[in-house]
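Since the structure comes first, as structure tokens, the remarks are kept for the end.
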Amino acid sequence: MKKILLGAAISAALFGGAAQAAITFNANNLPDAATLADTTTVYLSGSSAQSDLIERGLTVGSNEGVCKAGTVHKFQESTGNQLAYICELNTAANGSLTPDTSIPASITTSNLLVYKRNAGGSGKGVVPIVAPAQIEFLNLTTNPTACTSASSSVFASVKTCAYNVSTNAEFHVPTFGMSDVNPQIFTVASENAPVGTVPGTPPNPTPTTYQIVPGPAVVFGITATTKLRNALQEAQFPVTSVCNPKNAGYTDLSGTQVDTADSEACMPNLNKGTVAALFAAYPTPVSPLKANVSAPALGAGKINQWTQFKVGASDLYTQASAANKPGAAKVHICSRTIGSGTKAQFGVKFLGNVCGTNGSKVVQHADHSAYAEVGQSNYVAGPIANVEKSLRPMVHAMASGGDLNECLNELDAGSANTSGNFAPGTAYGAAGATAVRWAVGFQSLDKNANLANAYRFVKIDGVAPTLANVANGSYPDWVEGTFQYNTTVLTNAALKAMVLELVSSFTTPSVISYVNTNTGTHTFGTSGIMAIPNSTHPAAATGKVNLAAPVNPLSHAIFPGTSGSATNDCRTPIIYSNNPANNTQGLQIVQ
């Protein structure tokens with residue numbers, strides 16, 4: 001395995017005499033005192049889009065993984081925004097004869113406990129790292145409430161624990177953080193960083209402040225609730241096509257992935273300019289947002305009714321069949337809160353946000369819950385009874401990718417849910433058809449490959465969001481993530497080496513392939529994540545993607561790349577090589 005920065009290689013023989021204690025739990029299904037005493041603990045905050053990379057990367061069970069196969073136990077609170085994983089370290093003593101991992105010699109414990117915070121997104125993997133600050137994590141040591149335990153086909157066990165930030169959270173400065181985009185994207189001016197965070201614009205890393213370690217390339221896409229996807233198919237494919245829901249040959253077999261509805265050929269398309277128009281905010285305030293305002297406000301989108309979305313001589317809403325038409329034509333957007341890397345990358349890729357002086361902001365939060373997101377000003381949400389009468393789209397700012405799934409699911413179903421992080425209740429009408437709404441959003445491509453959620457990805461400019469299309473340069477919506485740690489916080493050499501070994505595992509092509517196989521295998525092709533190209537694992541010279549070890553031939557890094565700080569998602573990606581005098585890497589031209 002490639003060792004990034006300070007990874008320390010040691011002989012497996014050093015572990016030969018170590019005793020491996022089994023992980024055991026107390027009556028509350030929490031790790032007991034004996035297990036915790038034999039455990040190294042790290043706190044990881046940031047990107048919810050890459051949560052599956054962490055989760056599946058820990059369970060890979062190969063010589064490239066840090067956890068022994070079959071020993072990973074997962075803890076979660078009900079929303080999935082706070083997680084933790086405990087496992088036995090993958091050393092020669094616990095059954096891996098020739099591990100490629102290099103657990104530091106000074107790590108004398110048998111187990112590893114990784115806390116993973118998704119809440120707040122990538123900004124929480126940057127801001128409290130650059131300017132060290134304690135943030136809340138799931139509590140597995142003094143949690144007064146018992147966790148319930150269940151078996152799992154992926155984990156040794158899954159335990160659901162009560163969580164309340166006021167009563168049973170732990171507060172820690174993160175050991176390290178992860179982000180979907182480079183830290184400099186998180187600026188207050190762009191509204192990617194909440195007002196009041198310090199610093200307003202993250203500085204470049206230095207040896208005495210914080211360090212950046214390059215992460216993988218992550219593919220993102222535009223999502224549409226299933227009924228909206230169906231209406232787009234009705235509008236974009238002739239009735240004679242099996243891609244049109246009105247055609248007798250159209251099949252949509254829920255959960256089977258064997259149908260015409262979810263094939264690549266039948267994916268509806270949105271042009272990049274259309275996407276930008278749906279999500280762009282007005283640049284200057286016209287008036288504070290009130291119920292029944294007659295003028296748009298700061299943060300209000302330019303399209304607020306699907307009747308404004310023209311398809312041919314008519315509009316999408318008017319021509320949709322009864323089975324797919326929502327109860328009202330109001331545009332709904334399932335977005336993310338300030339600090340989300342998913343939202344930040346969307347602003348970079350579709351609106352030029354941060355990357356220049358004339359970029360647009362992403363349309364801001366205004367929904368049935370009638371409150372403003374921290375850092376957004378110049379509007380007052382209208383009364384719930386009149387919430388859809390204002391001249392702006394309904395924008396639901398969710399704290400994580402899981403919450404965004406909930407938003408899309410419940411709008412597509414017309415749910416009257418009053419719990420969870422998206423709780424529309426009866427704000428849009430009685431439960432059922434009356435409360436159904438069309439909604440769009442953005443998600444990473446490790447989401448919904450099993451079609452369990454009520455939304456689908458669409459093509460952008462006629463191109464599906466697959467790894468192959470990223471590698472050949474035809475699909476634009478991808479960014480390079482980063483890991484970062486503060487040198488004044490992570491001072492323990494052994495713990496630093498353990499953190500860097502975790503990062504090394506998560507960025508190894510074979511581990512990424514395992515993650516994609518389990519979370520990124522869509523009906524339209526394989527997507528999800530790719531390793532970034534470097535001298536240890538260069539991209540294929542043909543420009544094609546080896547799905548068994550996916551490496552992107554393109555990179556946002558400075559050519560030929562000088563350090564971990566070279567990544568900048570505002571840069572146009574180019575073919576990357578550590579040796580410009582002998583650049584044999586290629587680009588596959590789409591035929």
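Small disclaimer: the values here were computed from a predicted structure and weren't measured.
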Taking it one step at a time, do Thr148 and Lys159 satisfy side-chain contact (heavy atoms from CB on, under 4.5 Å)? CA-CA 5 Å; Thr148 58; Lys159 304 176 191 297; over 6 Å; no
Do we see a donor-acceptor contact under 3.5 Å between the side chains of Asn182 and Thr482? no
Leu408 meets the side chain to side chain contact (heavy atoms under 4.5 Å, CB included) criterion, sequence neighbours left out, with Thr223, Thr225, Cys334, Leu404, Ala439, Tyr455
Non-neighbouring partners of Phe524 that pass ring pair (Phe, Tyr, Trp, His ring centres under 6.0 Å), sequence neighbours left out: His522
Pairs satisfying salt bridge (Lys or Arg N to Asp or Glu O under 4.0 Å), at least one member in residues 476-495, at least two apart: none
What residues form a salt bridge (Lys or Arg N to Asp or Glu O under 4.0 Å) with Asp52, not counting sequence neighbours? none
Counterpart residues, ring pair (Phe, Tyr, Trp, His ring centres under 6.0 Å), relative to Phe171 (two or more places apart): none
Between Asp262 and Arg229, does at least one N-O distance fall below 4.0 Å, as a salt bridge requires? yes
Pair His396 + Phe422: ring centers closer than 6.0 Å: yes
I'd like to check the salt bridge (Lys or Arg N to Asp or Glu O under 4.0 Å) partners of Glu170; sequence neighbours left out, ordered by chain and number. none
Does Ser48 use its side chain to pair, donor to acceptor, with the backbone of Gly401 at less than 3.5 Å? yes
Do Ser110 and Asp38 have a side chain donor and acceptor closer than 3.5 Å? yes
Can you see whether Lys544 engages Asn546 through a side-chain donor-acceptor pair at a distance of less than 3.5 angstrom? no
Residue set satisfying side chain to side chain contact (heavy atoms under 4.5 Å, CB included) with Thr206, at least two apart, ordered chain then number -> Thr208, Thr209
Return the minimal non-hydrogen interatomic distance between Trp478 and Pro573, and the atom names on each side. CZ2-CB, 3.4 Å
Those residues that, when tested against Arg117, pass salt bridge (Lys or Arg N to Asp or Glu O under 4.0 Å) (two or more places apart): Glu136
Hey, does Ile512 have a side-chain heavy atom less than 4.5 Å from the side chain of Met530? no
Once you round to the nearest 0.5 Å, how far does CG of Asn453 lie from CG of Asp412? 10.5 Å
For the residue pair Asn568 and Gln184, establish whether any side-chain heavy-atom pair is separated by less than 4.5 Å. no
Please collect all ring pair (Phe, Tyr, Trp, His ring centres under 6.0 Å) contacts where either partner lies in residues 28-67, sequence neighbours excluded, each pair once. Tyr43-Tyr115, Tyr43-Phe137, Tyr43-His172
Residues in side chain to side chain contact (heavy atoms under 4.5 Å, CB included) with Ser419, at least two apart? Asn417
Output all residues satisfying ring pair (Phe, Tyr, Trp, His ring centres under 6.0 Å) with Phe220, sequence neighbours left out; order by chain, then residue number. none
Is Leu451 close to Thr523 at the side-chain level, that is, under 4.5 Å between some pair of heavy atoms? yes
Side-chain contact test, heavy atoms from C-beta onward, threshold under 4.5 Å: evaluate it for Val130 versus Pro203 and give yes or no. yes
For residues 26-37, which side-chain donor-acceptor pairs fall under 3.5 Å, sequence neighbours excluded?
| from | atom 1 | to | atom 2 | distance (Å) |
| --- | --- | --- | --- | --- |
| Asn26 | OD1 | Asn28 | N | 2.9 |
| Asn26 | OD1 | Asn29 | N | 3.3 |
| Asn26 | OD1 | Leu30 | N | 3.1 |
| Asn29 | ND2 | Cys147 | O | 2.7 |
| Asp32 | OD1 | Thr24 | OG1 | 3.2 |
| Asp32 | OD1 | Ala34 | N | 3.4 |
| Asp32 | OD1 | Thr35 | N | 2.9 |
| Asp32 | OD1 | Thr35 | OG1 | 2.9 |
| Asp32 | OD2 | Thr24 | OG1 | 2.5 |
| Thr35 | OG1 | Thr24 | N | 2.9 |
| Thr35 | OG1 | Thr24 | O | 3.1 |
| Thr35 | OG1 | Thr24 | OG1 | 3.1 |

